[in-house]
Protein chains: 2
Amino acid sequence: MTQNRFTPETTRLDDAARAGWLYYVAGNTQDEIARKLGVSRQSAQRLVAMAVSERLVKVRLDHPIGRCMDLGAALRDRFGLLVAEVAPSDPAAPDLLTGIAIAAAAHLERVLKSPDRRIVSLGTGRNLRAMVEQLPTMACPQHVVVSRLGNMMEDGSATPYNATIRLAERIGAPHYPYPLPVLARDAAELAAMQAQQAARNTIDLCARADLSLVGIGQMDMTAPLHVDGFLSVPEMEQLHRAGAVGEITSWVYDDRGQVIDCDFNRRVASAPLPRGTDRPVIAVALGQAKLPAIRAALIGGLINGLVTSEATAERLLD
Amino acid sequence: MTQNRFTPETTRLDDAARAGWLYYVAGNTQDEIARKLGVSRQSAQRLVAMAVSERLVKVRLDHPIGRCMDLGAALRDRFGLLVAEVAPSDPAAPDLLTGIAIAAAAHLERVLKSPDRRIVSLGTGRNLRAMVEQLPTMACPQHVVVSRLGNMMEDGSATPYNATIRLAERIGAPHYPYPLPVLARDAAELAAMQAQQAARNTIDLCARADLSLVGIGQMDMTAPLHVDGFLSVPEMEQLHRAGAVGEITSWVYDDRGQVIDCDFNRRVASAPLPRGTDRPVIAVALGQAKLPAIRAALIGGLINGLVTSEATAERLLD
DNA sequence: CCATCGGTAGGGCAAATGCCCAATCGCCAA
DNA sequence: TTGGCGATTGGGCATTTGCCCTACCGATGG
């Protein structure tokens, strides 16, 4: 802090933090902030805006909105869930992920506050990534973060939205990236991969995870698996014919929430989904497009927790 | 969703929460919220205000500065201070003075930016000296810098850490060194000294200072007064017995922040400490050793401003 | 039945805010 | 040293927000 006072962006962020504090915590006007910091009003405005855009200020709504609580209770009841959090929807932008990101982050934060060691396993996807961005920086060296699936494509490049690394950085915990690619070429190669010690370790950690957070992928043309290049159009059509409606950490399942017995799933290198566990396996998902996938995952018991939006919760309960 | 008003106050808080969510999380304007909730713009404004006043929205600042600002606010509140700046501590070197030097320099700089004449009075000590070193060179011929105490020892030699001269050089302002030694031989000599016109002028300037910056000295074996040779071991033991815990510009005070009525203080030639003024009298001090001295000065109202470190601020608030 | 009263809604306006744009500053390469 | 270029600054202005004030609504009591 003191030694790199000459790096402009650090000082600037500091000032942004100060401005953000004066604005949001102390309730100063931007004019007052400008005077106190010795800058112009416009600069103060920029600093406040920067504090927001750099995610230094985190706003949390500490009131269970009755309707969302009701929906959450209904979801827990209907689908036998351990956890169901419902965040308010903006009617005009019902698929905004900030809301569920904050709700999921609040839940994760509660687990991370434990002084005892917790194993947290994560999937991928922008919902999880957004969740991690909403998490405050904490010092949690006692916990372990592990990825449930690879982020390497076949050519060795990495997919974006890696939540695991980001979370581990943010909370200062040791982390285990998944040491295999997303897909093997065939079942034989997969078996060989999974025989490696590192893979066995990681898969074992995933099986023992105290909390698992995953995304849910739909199986239409906007499917994450397709967009990220893991699934060609012919392959997807084939999966459709086999009844695929969604996927969790690449495991493709049908409308009853059964993982489909097919060539694709035999190539999936991700950690197996825990079944019938009493430890939370929570999906963070929302949106019309994912509705059938979420519903199927709930019916089939692929997950025992859900963080979603008000609008999605309503449709799930229809 | 808003029309079942079975319990008005619950529904109202719900709406407030929803409005707060739409405003702070979804980033809607109050007009949009009004349309979405089917109320007038003014009502939406009231709902958002209620969400804030009912503490439904919680803002957190995810930056080390945030904690410092909180501590500063707590110090101002607890001790009724005009100014309280808290600089982040490096846990490995909590007593490093670079941090508070920068913070104090930033505060001083804001005052110096004024186009109107300001009288700045300074104490001595390495904290103030470090502060001046952190100040950028500015051209401030409109201001006046005056020392609150002498820097001559009885033999006429000068003490180190003279902040006044250095500050005046750096900002190109006229300055008034203190025209008396630190200590007179006795009360009679002191009275004679203070009768001189130059002394009267300087003391008057100190009394009218728009900003005063002082250090705080502890009263153990590492006491600045002792190290610099103004206080022999027997004298210090005597002061200890009289309850001395600290000194500001050589005025020795007890644990309630009362300047002690004793021989030593009757020889102190420094300008009197301003009492109950609305102009800032700010101490720049940190460290475990100075803790009792700082606390007593705050309690007794010897100062109305403090620049300190995070670690020291925490201990002061215990 | 009406008068009163506490509280809420909405008009209006001043203050605060967000943002575009031209001017300036600082930096780097020539 | 100079010229160019990107970043930053502050002016100006439209929009948004906070708040005062009056009107209205429903409840309560006479």
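What you see is a predicted model, and the numbers here were worked out from it, not measured in a lab. Numbers restart at 1 for each chain; the letters A, B, ... are given by sequence-line order, proteins then strands.
Rounding to whole angstrom units, CD of residue B/Gln45 and C1' of C/dT17 are separated by 14 Å. In this structure, CE of A/Met50 is placed 15 Å from C1' of C/dG18, rounded to the nearest angstrom.
For the pair B/Ile294 and B/Ala285, the tightest heavy-atom approach, listed with the atom from each and the gap, is CD1-CB, 3.8 Å.
For C/dA15, neither phosphate oxygen OP1 nor OP2 lies less than 4.0 angstrom from any side-chain nitrogen or oxygen of A/Gln30.
Here the range on DNA chain D touched by chain A, meaning any atom under 4.0 Å from one of its heavy atoms, is D/dT9 to D/dG12.
Looking at residues two or more places apart in sequence or on another chain, you find no salt bridge (Lys or Arg N to Asp or Glu O under 4.0 Å) involving B/Glu32. Scanning for salt bridge (Lys or Arg N to Asp or Glu O under 4.0 Å) contacts around B/Arg78 gives an empty result, with sequence neighbours left out. Annotation: side-chain hydrogen bond (donor to acceptor under 3.5 Å, both in side chains) contacts of A/Ser89 (sequence neighbours excluded): none.
A donor-acceptor pair shorter than 3.5 Å can be found between the side chains of B/Arg148 and B/Ser121. Residues A/Trp21 and B/Asp70 bring a donor and an acceptor atom of their side chains to less than 3.5 Å of each other. Residues B/Asp210 and B/His143 have side chains that never bring a donor and an acceptor to within less than 3.5 angstrom of each other. Side-chain atoms of A/Asp220 and A/Thr222 form a donor-acceptor pair, as typed in the model, at a separation below 3.5 Å.
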I'd like a list of close polar pairs between nucleotides 10-14 of chain C and the protein, N/O only, cut-off under 3.5 Å.
from   : atom 1 : to      : atom 2 : distance (Å)
C/dG10 : OP2    : B/Ser40 : N      : 3.4
C/dG10 : OP2    : B/Ser40 : OG     : 2.9
C/dG10 : N7     : B/Arg46 : NH2    : 3.3
C/dG10 : O6     : B/Arg46 : NH2    : 2.6
C/dG11 : N7     : B/Gln42 : NE2    : 2.7

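Of the residues in residues 20-27 of chain B, B/Tyr23 come within less than 4.0 Å of DNA chain D through at least one heavy atom, sorted by number.
Contact check on B/Glu109 versus B/Arg170 returns no salt bridge, with no Lys/Arg side-chain nitrogen under 4.0 Å from an Asp/Glu carboxylate oxygen. Salt bridge status for B/Glu314 with B/Arg67: present, with a side-chain N to carboxylate O gap under 4.0 Å.
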